[in-house]
Amino acid sequence: MKFPRHLLSIGDLSRESATALLDTAAELARISDGQIKKLPTLRGRTVVNLFFEDSTRTRISFETAAKRLSADVINFVAKGSSVSKGESLKDTALTLQAMGADAVIIRHHASGAPQRLADAGWIAGPVINAGDGTHEHPTQALLDAFTIRHHLAKDRGTLDGLEIAIVGDILHSRVARSNIFLLSMLGAKVTVIAPATLLPVGIESWPCSISYDLDDSIEKFDAIMALRIQRERMEQAFFPSEREYSRHYGLNGDRLSRLKSGAILLHPGPMNRGVEIDAKSADSVRSVIVDQVTNGVFVRMAVLYLLLSGSPANLAEEVKG
Ligand code: CP
């Protein structure tokens, strides 16, 4: 089994390596449930969180994941750093490398910034994409797949045949792009549901179906993922009003009552409560939004473990030892 050197997009993974990564995360979740909370795997290694954009979940869960594997963590936040004085990505990276970074986790507003960091060779170790512009957010998709598998396909381990809807601002969503490619690779049937103005050009060639009407088919889905309306990336009006958007595409009590038995609701966070999802839906028994956050730690532990220290076979040895 070959794992990529970097994790920049879902395209870096095969079905086999993505499944092995989810299996490793499941094993780490099982271990974390018991006596052993911390593994010595990455002792002496330094992981850098390099964040040029705001984050709560991703940054904190990567930090928690690295610490549970005994790594040292440097948190670099662009606001308040020498980036404000004009320092380039290259010089920032070279500075962190000089301080001994063994892996860099990067979030950047520019699509392609993690690829540039990996290709330029400014960083010696693995580069992990924690979200770049509107391009990709691979670890979010992996934690979403892990959560769906845990709730709906624990016994069989694949997502074969599951009907999954991704609803809302597909155009600006790196989460949607990574999920469409990962969930379909794992066997799910993905449908994107959005107004035409919030669909990217060329989506017809992506591995998903397209719908403009949530009510048309809501009963058929096993999982529905609501996406945040990304106002900060919108320079024009994409829909008449939030109220109108919510009426057509928001998850609410009425739609909740029409879900298939056992269906689950996901949201990558942060949520605009009352816009893409109302409080009744977000806090309902169908919601697995808090589980997504918990699972993010296990998935990111698996990513760090596999990229920095080799194959899943080593994990069993680690626990035995
Ligand atoms: N889902 C996600 O990426 O959340 P944060 O922006 O809080 O990291």
Side-chain angles (χ1 to χ4, degrees), residues 7-10 21-22 25 47-68 73-80 103-114 127-148 150 164-183 192 223-234 251 264-273 275-277 281-283 287-304:
L7 181 58
L8 306 174
S9 75
I10 292 302
L21 199 149
L22 298 182
V47 171
V48 175
N49 264 329
L50 180 56
F51 276 63
F52 291 84
E53 250 189 12
D54 296 343
S55 169
T56 298
R57 281 148 285 269
T58 311
R59 191 181 62 72
I60 294 174
S61 74
F62 263 118
E63 180 174 356
T64 307
K67 286 179 172 168
R68 286 210 192 152
V73 181
I74 297 174
N75 282 312
F76 175 100
V77 180
K79 272 179 214 156
V104 172
I105 297 147
I106 177 171
R107 169 169 289 191
H108 204 284
H109 44 82
S111 298
V127 175
I128 300 165
N129 182 0
D132 61 329
T134 57
H135 176 228
E136 286 232 23
H137 193 351
T139 59
Q140 177 69 44
L142 286 161
L143 76 87
D144 293 337
F146 182 95
T147 305
I148 294 168
H150 178 80
I164 300 175
I166 304 179
V167 185
D169 186 359
I170 312 289
L171 178 66
H172 300 101
S173 178
R174 54 199 180 203
V175 173
R177 184 187 290 253
S178 289
N179 263 304
I180 291 166
F181 286 96
L182 179 65
L183 298 176
V192 295
I224 299 182
M225 182 184 301
L227 297 175
R228 184 171 68 86
I229 288 293
Q230 300 198 29
R231 297 188 193 94
E232 75 279 15
R233 297 192 207 277
M234 294 182 181
L251 294 178
I264 56 172
L265 299 179
L266 299 99
H267 191 300
M271 289 182 269
N272 293 309
R273 282 181 182 244
V275 182
E276 67 267 1
I277 188 164
S281 307
D283 302 330
S287 169
V288 296
I289 296 168
V290 175
D291 288 0
Q292 286 173 270
V293 178
T294 304
N295 294 337
V297 175
F298 305 130
V299 164
R300 288 171 176 131
M301 283 173 81
V303 168
L304 290 171

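First listed ligand is number 1; within each ligand, the first listed atom is number 1. Heavy-atom basis, side chains included; hydrogens, waters and symmetry copies ignored. Everything numeric in this text was worked out from a predicted model, so none of it was measured.
With contacts defined as side-chain heavy-atom distances shorter than 4.5 Å, the pair Pro138/Leu8 does not qualify. Residues Asp144 and Val175 form a side-chain contact, since some pair of their non-hydrogen atoms from C-beta on lies under 4.5 Å apart. By the 4.5 Å heavy-atom criterion applied to side chains, Arg107 and Asn49 are not counted as neighbours.
Against a heavy-atom cut-off of under 4.0 Å, Thr58 is close to the following atoms of ligand 1: 2 (C), 3 (O), 4 (O), 5 (P), 8 (O). Counting the atoms of ligand 1 from 1 in the order shown, those under 4.0 Å from a heavy atom of Gln140 are 1 (N), 2 (C). Residue-ligand proximity, Thr56 to ligand 1, at heavy-atom distances under 4.0 Å covers atoms 5 (P), 7 (O), 8 (O).
Note that CD1 of Ile105 and CD of Glu63 are 9.5 Å apart. Values are rounded to the nearest 0.5 Å. The distance from the NE2 atom of His109 to the CG atom of Asp132 is 11.0 Å, given to the nearest 0.5 Å.
Scanning both residues, Thr147 and Val288, for their nearest heavy atoms gives CG2-CG2, 3.8 Å.
At the shortest separation from atom 1 (N) of ligand 1 among protein heavy atoms lies Pro268 O, 2.9 Å. Among protein heavy atoms, atom 6 (O) of ligand 1 sits closest to Arg107 NH1, 2.9 Å.
Checked by distance only, ligand 1 and Gly269 come closer than 3.5 Å through their nitrogen or oxygen atoms. For a threshold of 3.5 Å applied to N or O pairs, the pair formed by Arg57 and ligand 1 contains at least one separation below that value.
For the pair His137 and ligand 1, a heavy-atom separation below 4.0 Å is found.
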